[in-house]
2 protein chains.
Amino acid sequence: MPKQTVELTEAEWTIIKAVWQHEPCAAPTIQEKLHRRTEWTYSTVRTIMDRMVAKGLLTAEKIRNLTLYRSAVTRQQAQRGELLYALKNAFNGALTPMVQSLLETGDLSAEELTELESLIKQKKKKTGKK
Amino acid sequence: MPKQTVELTEAEWTIIKAVWQHEPCAAPTIQEKLHRRTEWTYSTVRTIMDRMVAKGLLTAEKIRNLTLYRSAVTRQQAQRGELLYALKNAFNGALTPMVQSLLETGDLSAEELTELESLIKQKKKKTGKK
DNA sequence: AAGATTTCTCTACAAATGTAGAGATTGCAA
DNA sequence: TTGCAATCTCTACATTTGTAGAGAAATCTT
């Protein structure tokens, strides 16, 4: 089975988000896309990407002189990993307090709150049915 | 002003949770408390704790031959830091999808869902009023 | 006071992470 | 075919994190 929970460092998050947007893509592309924000050189980007391949976060395919990268984990998987990390460590696995804390943390508009309510309603229905 | 967002490593989470439970406390105490779970030696625990002092996560007070540690950040602060990290990196700052993902992730009972609903209601009221 | 016990200090080392330069290759353009 | 441009490979180094041993210092016990 594939690795259950992925955890990304901040640099890796930056890279993989760019990859999701542009894949399949080469390292120079990613470097350019990120350069404005990060100031990273080609070498830096390349090193991180190759390490991510080693970890199974990306795949690399060599075509002539070009290495094409693709994501090996979905955004959902990665998000889930991040969530689980926080859940386990910061909240001892307790979801409700985590959601609660999230609600307190942010400036949610009334609309967003309403949206969340309907999400919960849906969820309730599903839970009941299944 | 105090450092705005704290981020803890997994080992640091383990330590600080024990500190919150026992503070003020000495390193040997923490080591004992955690030993069953972590197998860490005194040296390991001590090193982590001292590094945490250097980072401002704990404080240390020396009393004769004893070093007493206390947390320098609250559970809320630490949780918030973890949340913000996930929010920023995994969810590009968008709260709603994060809550959504959280709802999908876990097995929330009907009761918990109801609890969340009332939390949202409260929040709505407050937002409106202020 | 001497031995046993507790706690501390200092040092070390491997792995992971962030960051990047130098020089080799490959491919395209004149 | 020669040279410029794009891309790659390899190596390197500082910092952070995880982990811990060895021996010094303080304290307690008899």
Side-chain angles (χ1 to χ4, degrees), chain A residues 3 5-19 22 24-69 78 81-82 85 88-89, chain B residues 3 5-19 22-70 78 81-82 85 88-89:
Chain A
K3 182 112 83 13
T5 32
V6 266
E7 269 155 42
L8 307 193
T9 68
E10 206 158 356
E12 288 170 344
W13 268 111
T14 304
I15 298 276
I16 206 170
K17 286 196 271 189
V19 172
H22 300 285
C25 55
T29 311
I30 298 297
Q31 193 266 323
E32 278 160 37
K33 294 294 173 192
L34 296 178
H35 188 259
R36 181 65 33 100
R37 217 172 323 157
T38 63
E39 299 271 271
W40 289 339
T41 64
Y42 167 77
S43 285
T44 299
V45 170
R46 182 71 200 232
T47 302
I48 301 176
M49 291 181 81
D50 286 338
R51 285 178 186 165
M52 289 173 79
V53 171
K55 289 189 193 177
L57 297 172
L58 299 180
T59 63
E61 175 191 6
K62 181 132 199 187
I63 296 178
R64 314 176 101 240
N65 193 34
L66 240 241
T67 307
L68 270 194
Y69 294 87
E82 203 62 67
Y85 180 87
K88 170 175 122 199
N89 293 299
Chain B
K3 182 112 81 18
T5 32
V6 266
E7 269 155 41
L8 307 192
T9 68
E10 206 158 357
E12 288 169 345
W13 268 110
T14 305
I15 298 278
I16 207 171
K17 286 196 272 189
V19 172
H22 301 285
E23 70 185 319
C25 56
T29 312
I30 298 296
Q31 194 265 323
E32 278 159 37
K33 294 295 174 192
L34 295 178
H35 188 258
R36 180 65 35 100
R37 217 172 323 155
T38 63
E39 300 270 90
W40 288 338
T41 65
Y42 167 78
S43 285
T44 299
V45 170
R46 183 71 201 232
T47 301
I48 301 177
M49 292 181 80
D50 286 337
R51 286 178 185 166
M52 289 173 78
V53 171
K55 290 189 193 178
L57 297 172
L58 299 180
T59 63
E61 176 190 6
K62 181 132 200 188
I63 296 178
R64 314 176 100 240
N65 194 35
L66 241 239
T67 307
L68 270 194
Y69 294 87
R70 289 182 177 78
E82 204 61 68
Y85 180 87
K88 170 174 121 198
N89 293 299

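Residue numbers start from 1 in every chain, and the chains themselves are labelled A, B, ... in the order their sequence lines are given, proteins ahead of strands. Only this structure's heavy atoms are used, side chains among them; waters, hydrogens and symmetry mates stay out.
By the side chain to side chain donor-acceptor pair (under 3.5 Å) test, A:Asn65 is found to be paired with no residue, residues two or more places apart in sequence or in another chain being considered. Applying the side chain to side chain donor-acceptor pair (under 3.5 Å) test to A:Trp13 and every residue at least two apart in sequence or in another chain returns A:Glu82. Under the rule for a side-chain contact (heavy atoms from CB on, under 4.5 Å), the partners of A:Thr47 that lie at least two apart in sequence or sit in another chain are A:Arg51.
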Exercise for the section: Dump the intermediate steps for side chain to side chain contact (heavy atoms under 4.5 Å, CB included) on A:Thr14 and A:Thr38, then the final yes or no. Expected result: CA-CA 9 Å; A:Thr14 304; A:Thr38 63; 4.1 Å; yes

Exercise for the section: Under the side chain to side chain contact (heavy atoms under 4.5 Å, CB included) rule, what do B:Val19 and B:Met52 come out as? Steps first, then yes or no, please. Expected result: CA-CA 12 Å; B:Val19 172; B:Met52 289 173 78; over 6 Å; no

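The CD1 atom of B:Ile48 sits 20 Å away from the P atom of C:dA12 (whole-angstrom rounding). If you take CD of B:Gln31 and P of D:dG21, they are 11 Å apart, rounded to a whole angstrom. Atom CG of A:Asp50 is separated from atom C1' of C:dT17 by 15 Å (rounded to the nearest Å). Remark: C1' of D:dT15 and CD of A:Glu10 are 16 Å apart, rounded to the nearest angstrom. The separation between A:Ile63 atom CD1 and C:dT26 atom P is 16 Å, rounded to whole Å. What separates CG of B:Leu8 from P of D:dG18 is a distance of 11 Å, to the nearest Å. If you take CG of A:Leu57 and C1' of C:dT17, they are 13 Å apart, rounded to a whole angstrom. Separating the CD atom of A:Glu12 from the P atom of C:dT17 is a distance of 6 Å, rounded to the nearest angstrom.
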Considering only nitrogen or oxygen atoms on both sides, find all protein atoms under 3.5 Å from nucleotides 3-8 of chain C and state each distance.
from: C:dT7; atom 1: O3'; to: B:Asn65; atom 2: O; distance (Å): 3.4
from: C:dC8; atom 1: OP1; to: B:Arg46; atom 2: NH1; distance (Å): 3.3
from: C:dC8; atom 1: OP1; to: B:Thr67; atom 2: N; distance (Å): 2.8
from: C:dC8; atom 1: OP1; to: B:Thr67; atom 2: OG1; distance (Å): 3.3
from: C:dC8; atom 1: OP2; to: B:Tyr42; atom 2: OH; distance (Å): 2.7
from: C:dC8; atom 1: OP2; to: B:Arg46; atom 2: NH1; distance (Å): 3.2
from: C:dC8; atom 1: O5'; to: B:Arg46; atom 2: NH1; distance (Å): 3.1
from: C:dC8; atom 1: O3'; to: B:Lys62; atom 2: NZ; distance (Å): 3.4

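For residues 34-41 of chain B, proximity to DNA chain D is found at B:Trp40, B:Thr41, defined as any non-hydrogen atom under 4.0 angstrom from a strand atom.
A:Arg51 comes within 4.0 angstrom of a nucleotide base, judged by non-hydrogen atoms across all strands.
Taking the side chain as every heavy atom from C-beta outward, B:Tyr69 and B:Ile15 never approach each other to under 4.5 Å.
Considering OG1 of A:Thr67 and CG of A:Asp50, their distance stands at 7.5 Å, rounded to 0.5 Å. Between the CD1 atom of B:Ile30 and the CD1 atom of B:Ile16 there is a distance of 10.5 Å, given to the nearest 0.5 Å.
OP1 or OP2 of D:dT17 lies within a sub-4.0 Å distance of a side-chain N or O belonging to B:Lys55.
Contacts classified as side-chain hydrogen bond (donor to acceptor under 3.5 Å, both in side chains) and involving residues 25-37 of chain B (residues at least two apart or in different chains) are not found.
Proximity note for A:Thr9 (side chain, C-beta onward) versus C:dT19, C:dT17, C:dG27: the nearest is C:dT17.
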